[in-house]
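None of these values were measured; they are calculated from a predicted model. The sequence lines fix the lettering, A, B, ..., with proteins before strands; numbering per chain opens at 1. Only this structure's heavy atoms are used, side chains among them; waters, hydrogens and symmetry mates stay out.
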Amino acid sequence: DQQVKQNSPSLSVQEGRISILNCDYTNSMFDYFLWYKKYPAEGPTFLISISSIKDKNEDGRFTVFLNKSAKHLSLHIVPSQPGDSAVYFCAAKSGGYQKVTFGTGTKLQVIP
Amino acid sequence: DAGVIQSPRHEVTEMGQEVTLRCKPISGHDYLFWYRQTMMRGLELLIYFNNNVPIDDSGMPEDRFSAKMPNASFSTLKIQPSEPRDSAVYFCASSLDLGGGTDTQYFGPGTRLTVL
């Protein structure tokens, strides 16, 4: 049972345009959400996070939006750059627990 | 800091053989996680430790899988006997509990396991 779902396995975007990566979750106990970025032959690295008490968190070109009623979050990258080409994992956790549930990932390709 | 270190980076073995994956977490981190990445299921948590004690092994697929953490700087994930369906990339990650549940996990580069 996938509690964190990324329904788009891949996405292609032109350089300079906006990239929007989507994520849905089913567990209403999740209250902290994260995005990780993964390059080939490397481990995932933390990108940005958001607590359930917020609906938006911004860090430079990266913004995460959370819609709790829809159990949906999205990652916006503006403007997209070729170096952003990677696999992006959405993840969620609940309470003070350390256990993190990851999605299946979305492969983003930014075309120069 | 060297980050999380995993060895080997690649492992090719034959079905039925024992496989041991190794991990050295970041010094001072008190949590260690083992994940498996597959196309179908993404990143799955297999087991995690707190201060060398296993906390949750509900993700371990079956009895063929076992994990140990004999000390704060070393952990192993063993598969015995290995099967072709175990082929995947296995990641180790560590984190430091700062309270509040917002700690970041730091991943190693992974071990790509191929079971023929």
Trainee: Spell out, as yes or no, whether a donor-acceptor pair under 3.5 Å connects the side chain of A/Tyr36 to the backbone of B/Gln105.
Mentor: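 At least one qualifying donor-acceptor pair exists.
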
Trainee: Does any backbone or side-chain atom of B/Thr38 lie under 4.5 Å from a heavy atom of chain A? Answer side chain, backbone, both or neither.
Mentor: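 For B/Thr38, there is no contact with chain A at all, as no heavy atom is under 4.5 Å.
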
Trainee: More than 12 foreign heavy atoms under 6.0 Å from CG of B/Asp63: is that the case here?
Mentor: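 Count not over threshold, so no.
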
Trainee: Nearest 0.5 Å, what's the OH-CZ distance between B/Tyr35 and A/Phe89?
Mentor: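 One gets 11.0 Å once the value is rounded to the nearest 0.5 Å.
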
Trainee: Using heavy-atom distances under 4.5 Å, tell me whether A/Gln2 contacts chain B through its side chain, its backbone, both, or neither.
Mentor: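 Side chain of A/Gln2 only, per the 4.5 Å heavy-atom cut-off to chain B.
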
Trainee: Chain B: which of A/Gly43, A/Pro44, A/Ala41 shares the most heavy-atom pairs with it under 4.5 Å?
Mentor: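 Looking at each of A/Gly43, A/Pro44, A/Ala41 in turn, A/Pro44 comes out on top.
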
Trainee: Is atom NZ of A/Lys68 surrounded by more than 12 heavy atoms (other residues, nucleotides or ligands) closer than 6.0 Å?
Mentor: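 More than 12 heavy atoms, drawn from other residues, nucleotides or ligands, come within 6.0 Å of this atom.
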
Trainee: Do B/Phe33 and A/Gln98 touch side chain to side chain, with heavy atoms closer than 4.5 Å?
Mentor: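 Yes. Closest side-chain heavy atoms under 4.5 Å.
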
Trainee: Under a 4.5 Å heavy-atom cut-off, does chain A meet the side chain of B/Ser58, its backbone, both or neither?
Mentor: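 The side chain, not the backbone.
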
Trainee: Of all heavy-atom pairs between A/Phe46 and B/Thr104, which one has the smallest distance, and what is that distance?
Mentor: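 Closest approach of A/Phe46 to B/Thr104: CB-CG2, 3.4 Å.
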
Trainee: Cluster question for you: counting only ILVMFWY and a side-chain heavy-atom cut-off of under 4.5 Å, with indirect links fine, are B/Phe91 and B/Tyr31 together?
Mentor: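 Yes: a chain of side-chain contacts under 4.5 Å links B/Phe91 to B/Tyr31.
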
Trainee: B/Arg9 versus chain A, heavy atoms under 4.5 Å apart: side chain, backbone, both or neither?
Mentor: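 Just the side chain, heavy atoms under 4.5 Å.
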
Trainee: Does any backbone or side-chain atom of A/Val100 lie under 4.5 Å from a heavy atom of chain B? Answer side chain, backbone, both or neither.
Mentor: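 Its backbone and side chain both get close to chain B.
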
Trainee: Please say whether more than 12 non-hydrogen atoms of neighbouring residues, nucleotides or ligands are located less than 6.0 Å from OH in A/Tyr25.
Mentor: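 Enclosed.
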
Trainee: Check the surroundings of atom CZ in A/Arg17: do more than 12 heavy atoms from other residues, nucleotides or ligands lie under 6.0 Å from it?
Mentor: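 Check fails, neighbour count at 12 or below.
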
Trainee: Indicate, with yes or no, if B/Tyr48 and B/Leu32 share a hydrophobic cluster defined by side-chain heavy-atom contacts under 4.5 Å among Ile, Leu, Val, Met, Phe, Trp and Tyr.
Mentor: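 No.
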
Trainee: Take atom CD of B/Glu14 as the centre, draw a 6.0 Å sphere, and report whether it contains more than 12 heavy atoms from other residues, nucleotides or ligands.
Mentor: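 Open.
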
Trainee: Among B/Ile55, B/Asn50, B/Leu45, single out the residue with the greatest number of heavy-atom pairs under 4.5 Å to chain A.
Mentor: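 Maximum pair count with chain A is reached by B/Leu45.
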
Trainee: Sort out for me which of B/Gln6, B/Met39, B/Arg112, B/Gln37 touches chain A most, counting heavy-atom pairs under 4.5 Å.
Mentor: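 The option with the most such pairs is B/Gln37.
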
Trainee: What heavy-atom pair brings A/Lys99 and B/Asp56 nearest, and what distance separates the two atoms?
Mentor: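 Closest approach of A/Lys99 to B/Asp56, heavy atoms only: NZ-OD2, 3.5 Å.
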
Trainee: For A/Lys107, does the NZ atom have more than 12 heavy-atom neighbours from other residues, nucleotides or ligands under 6.0 Å away?
Mentor: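 Open: at most 12 neighbouring heavy atoms sit under 6.0 Å from NZ of A/Lys107.
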
Trainee: Measuring from B/Leu43:CG to A/Thr101:OG1, what's the distance to the nearest 0.5 Å?
Mentor: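 That separation rounds to 11.0 Å.
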
Trainee: State yes or no: do A/Phe62 and A/Leu34 share one hydrophobic cluster built from I, L, V, M, F, W and Y residues joined by side-chain heavy-atom distances below 4.5 Å, directly or via other members?
Mentor: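 Unlinked, A/Phe62 and A/Leu34 end up in two clusters.
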
